[in-house]
Structure formats: C-alpha cells, structure tokens
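Beneath this line is the structure, given in structure tokens, with notes to follow.
In this text the structure is predicted, and so the values were computed from the model without any measurement.
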Amino acid sequence: MTEDDGLSPRERFERWRDLVGRTRVADTTSAHVETFAAQLRMFEMGPVTLMATSFPSARFRRSERMIRSSDQELYHLTLLTAGRHALGCAEDQRETHRVGDLWLIDSSHPYDGRFSGVRSPGQADPRATGISVDLPISLLPVSPDRVRDLLGRALCAREGTGAVLADFLLGLDRQAHTLGPAEAARLGTVVVDLVAAWVARELDTLPALPHETRRRALVESVRGFIRRNLHDPDLSPATVAAAHHISLSYLHRVFTQESQGETVAAWIRSQRLKKAHHDLADPALRAVPIHIVAAQWGILRADDFSRAFRAAYGISPSEHRHQAFALTAE
C-alpha cells in the first residue's frame with residue numbers, strides 16, 4: 001500500500017486499518033481520516049509477520065471485550081523510527097515511547113496506544129513510522145508470566161541485544177521483497193530467536209534459553225558487529241571473537257554451522273567486496289580512486305582487492321566501474 005494508490009483519503013484509511021487489523025485486532029481511529037496518507041509494507045515470514053508503516057497519527061484501543069471475542073495470542077513488537085507513542089497497558093501503567101525504543105505488548109491484554117507524527121526535515125506533514133513484528137506467544141521460549149513484566153515498557157534499541165534486533169529488523173524491511181518463501185521463513189525463525197534473546201537478556205534469563213536459540217542469536221550479533229566494523233582493516237575473526245567474549249574456535253564452529261559452511265573470514269571478505277562493488281558504481285564517488293574505495297572498506301592492499309574482486313564478480317574493479325557508468329550514460 002502506498003500514498004499514490006488512487007484511493008481517496010478516507011478509503012486509504014479504511015484500507016490501511018483493515019490491513020493492520022489482520023494481526024492487530026483493535027479499534028483504530030485517526031484525527032486525519034479526511035486527509036489520510038499512509039505507506040504500509042507487510043510480509044509473511046514463516047512464523048512471523050513483518051510490517052513497516054508510516055502514517056500521520058492513529059490510536060489503537062484493544063478492550064477486554066475484544067479479547068474475549070478474538071484473541072489471536074500474539075506478541076506485538078514495535079520499533080519506533082519516527083514520531084512518538086503513548087501507551088496505557090493497565091490503570092497504573094503509562095509509558096511514552098520515542099525514536100529508538102522497542103516495546104512489546106500482547107493480544108491477551110487490553111491496551112490503548114496513541115501514535116503522534118512529527119515533521120521531519122524535507123517532509124511536508126507530520127509522520128509516525130515504525131517496524132513491527134507479530135509472532136505467536138507459543139513460539140517464544142520464555143514463560144508468558146515472566147514476559148508480562150516487560151509488556152509496554154520502553155526498552156532501548158541502541159545497544160546490546162536490542163541494537164542487534166533493531167538492526168536486523170531494519171535490514172529485513174529493506175530486503176524482504178527480494179526473498180523467496182523458503183528464505184523468508186528461515187529468517188522469520190531468526191527473528192523469533194533474536195526476540196527471545198532480547199527478552200531473556202532483559203529478564204536476565206538468557207542461560208535458560210534453548211542452545212539453538214542462543215547460538216542463532218549469537219551469529220546474528222556477530223554479523224551485525226562485522227557490518228558495523230567493515231571499515232576497520234584490523235577486523236578479523238579474532239577481534240570478532242574477543243568482542244563477543246567467546247573463543248575463536250567456538251566462533252568458527254557456530255558461525256560455520258549457521259552459514260551453510262561459510263567461514264567468518266570469508267563472510268567478512270564478501271561483505272567488504274559487496275560494499276566496494278556498490279560504491280564503485282556510485283556516480284557520487286566517481287572521482288574517488290579505486291584503491292581508496294577499497295581502503296574505506298578495510299582492504300588496504302590494491303593487489304589483494306583486485307584479485308578478490310575478480311574472483312567474486314568475474315571482472316576487474318575498473319571494468320565494473322566503467323560498465324556501471326556506461327549504463328548510466330545510456
């Protein structure tokens with residue numbers, strides 16, 4: 001669903017409300033119905049539903065009556081990327097969520113959530129934006145009685161497991177449309193593992209999680225760390241292991257198991273080459289020498305870069321740049 005779908009503002013609001021209501025059954029209202037403009041992307045990923053949406057403002061109210069008539073027994077996880085959110089989960093619980101916060105609610109408890117849009121630079125109207133995940137309560141390997149202590153709380157997504165989870169969701173939203181059904185389902189399982197690790201760490205119950213869940217969450221944390229540090233020429237399997245307080249041999253074992261046999265060093269190299277491949281085709285970087293582009297992604301030796309690039313893509317870096325700009329000129 002996009003803002004240029006040909007619908008009237010009121011029709012767009014009704015359509016948006018119906019789509020959101022597929023997993024979040026609530027009384028949804030907005031003060032902007034007559035001028036409503038929204039964007040929504042929804043992806044089924046095996047056991048979870050990923051949803052990214054942008055809208056001016058909205059209120060979601062789920063009552064005890066709704067719960068009695070229809071309880072899908074889902075956790076709703078939200079990462080706020082623009083705007084503000086005020087949430088009431090109980091008579092004595094009021095929370096305010098801001099950009100960079102994660103929070104969890106469930107369909108078995110009443111709530112009253114108000115999203116307020118803010119005006120961002122270059123944007124005409126105030127918007128609230130976020131990424132959400134809906135997953136069955138039964139899939140999370142943490143007792144619902146324990147999870148209840150977290151419901152509604154504003155939890156930081158800027159460090160630790162929360163940052164790993166947030167980065168993964170943002171990347172998943174960018175790439176979800178390119179995934180086939182089997183790959184989407186597999187990554188949906190990874191989302192469940194990351195949510196479980198995040199919840200368990202917040203509750204200080206991480207050792208109680210199944211070994212497979214902790215292992216998959218660790219590998220995603222490793223990948224996130226590598227992506228953030230590709231520019232560092234000293235990035236290596238040893239530095240990755242040290243940053244995660246695990247032995248190098250354990251890192252190699254779990255990463256290879258979860259990466260279809262690919263090693264940590266090979267994954268670092270492939271990610272660096274992918275970034276350089278992208279930058280060499282960027283018109284804004286046309287004047288930057290090839291060896292500087294490589295060095296910016298941690299590859300300091302020009303000969304090593306040329307050999308690895310040709311092995312990965314079948315052509316030299318200069319040939320790739322020439323072809324990219326020739327296509328742009330056409």
Side-chain angles (χ1 to χ4, degrees), residues 45-46 48 102 139-142 156-172 174-175 179 182-278 294-301 304-305 307-309 311-312:
M45 309 193 71
V48 308
L102 281 165
L139 286 185
L140 206 64
V142 182
C156 181
R158 301 178 190 88
E159 59 185 20
T161 311
V164 174
L165 174 58
D167 287 347
F168 189 80
L169 295 180
L170 291 167
L172 199 56
R174 290 191 296 268
Q175 299 297 326
L179 303 176
E183 190 175 16
R186 183 179 66 81
L187 292 176
T189 300
V190 175
V191 171
V192 175
D193 290 332
L194 289 175
V195 173
W198 170 66
V199 167
R201 185 170 293 279
E202 292 291 340
L203 295 172
D204 198 25
T205 59
L206 193 59
L209 288 180
H211 174 69
E212 294 78 8
T213 297
R214 286 183 282 127
R215 185 182 65 198
R216 287 191 289 260
L218 170 64
V219 170
E220 286 308 320
S221 177
V222 164
R223 290 190 177 119
F225 178 84
I226 290 172
R227 291 189 192 99
R228 292 190 299 273
N229 291 278
L230 287 173
H231 62 280
D232 183 355
D234 292 328
L235 178 68
S236 68
T239 60
V240 173
H244 288 80
H245 309 290
I246 57 177
S247 70
L248 185 58
S249 60
Y250 182 70
L251 171 65
H252 282 309
R253 185 166 68 253
V254 297
F255 191 92
T256 303
Q257 289 172 347
E258 294 297 323
S259 303
Q260 292 76 52
E262 188 174 27
T263 66
V264 180
W267 202 80
I268 292 173
R269 182 170 59 252
S270 71
Q271 294 302 299
R272 282 173 164 161
L273 290 173
K274 185 183 298 183
K275 292 293 188 180
H277 183 272
H278 174 272
Q296 288 173 340
W297 293 111
I299 308 176
L300 302 184
R301 294 174 59 89
D304 291 344
F305 175 64
R307 282 194 297 270
F309 193 97

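- Annotation: side chain of Leu230 is in contact with side chain of Lys275 (closest heavy-atom distance under 4.5 Å).
- The environment of CZ in Arg186 is crowded: more than 12 heavy-atom neighbours from other residues, nucleotides or ligands sit within 6.0 Å.
- Of all heavy-atom pairs between Thr213 and Pro141, the closest is OG1-CG, 4.4 Å.
- With respect to the salt-bridge test (charged N to carboxylate O, under 4.0 angstrom), the residues Arg228 and Asp167 qualify.
- Note that CG of Leu187 and CD of Glu220 are 7.5 Å apart. Values are rounded to the nearest 0.5 Å.
- In this structure, His278 contributes its side chain and Lys274 its backbone to no donor-acceptor pair below 3.5 Å.
- Neither side chain, Arg216 nor Thr189, offers a donor N or O lying under 3.5 Å from an acceptor on the other.
- The shortest distance between side-chain heavy atoms of Asn229 and Val240 does not fall below 4.5 Å.
- Rounding to the nearest 0.5 Å places CH2 of Trp267 at 4.0 Å from CZ of Arg227.
- Note that Arg223 lies in the cation-pi zone of Phe255, set by a 6.0 Å cut-off to the ring centre and a 45° limit from the axis.
- A distance of 8.5 Å separates CG of Asp304 from CD1 of Ile299, quoted to the nearest 0.5 Å.
- Separation of atoms SG (Cys156) and CD (Glu202) is listed at 9.0 Å; rounding is to 0.5 Å.
- Residues Leu273 and Trp297 have side chains not in contact (no heavy-atom distance under 4.5 Å, counting atoms from C-beta outward).
- Going from atom CZ of Arg174 over to atom CG of Leu169 covers 11.0 Å, rounded to the nearest 0.5 Å.
- Contact of the Leu172 side chain with the Met45 side chain is registered, since non-hydrogen atoms from C-beta on lie closer than 4.5 Å.
- Scanning both residues, Asp232 and Arg272, for their nearest heavy atoms gives O-NH2, 2.6 Å.
- Contact record, His252 with Pro237: CE1-CB, 3.9 Å, taken as the closest heavy-atom pair.
- Other residues, nucleotides and ligands contribute only 12 or fewer heavy atoms inside 6.0 Å of the CZ atom of Arg201.
- Shortest non-hydrogen contact noted between Ile226 and Leu235 is O-CD2, 3.9 Å.
- The nearest pair of heavy atoms linking Val254 to Val219 is O-CG2, 3.8 Å.
- In this structure, Leu218 and His244 approach most closely via the heavy-atom pair CD1-CD2, 4.0 Å.
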List the steps and the verdict of side-chain contact (heavy atoms from CB on, under 4.5 Å) for Leu209 and Val142. CA-CA 7 Å; Leu209 288 180; Val142 182; 3.9 Å; yes
Under the criterion side-chain contact (heavy atoms from CB on, under 4.5 Å), I'd like the reasoning laid out for Leu102 against Trp198: C-alpha separation, chi angles, the key distance, then a yes or no. CA-CA 10 Å; Leu102 281 165; Trp198 170 66; 3.8 Å; yes
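- Put simply, the side chain of Val199 reaches to within 4.5 Å of the side chain of Leu203, judged on heavy atoms.
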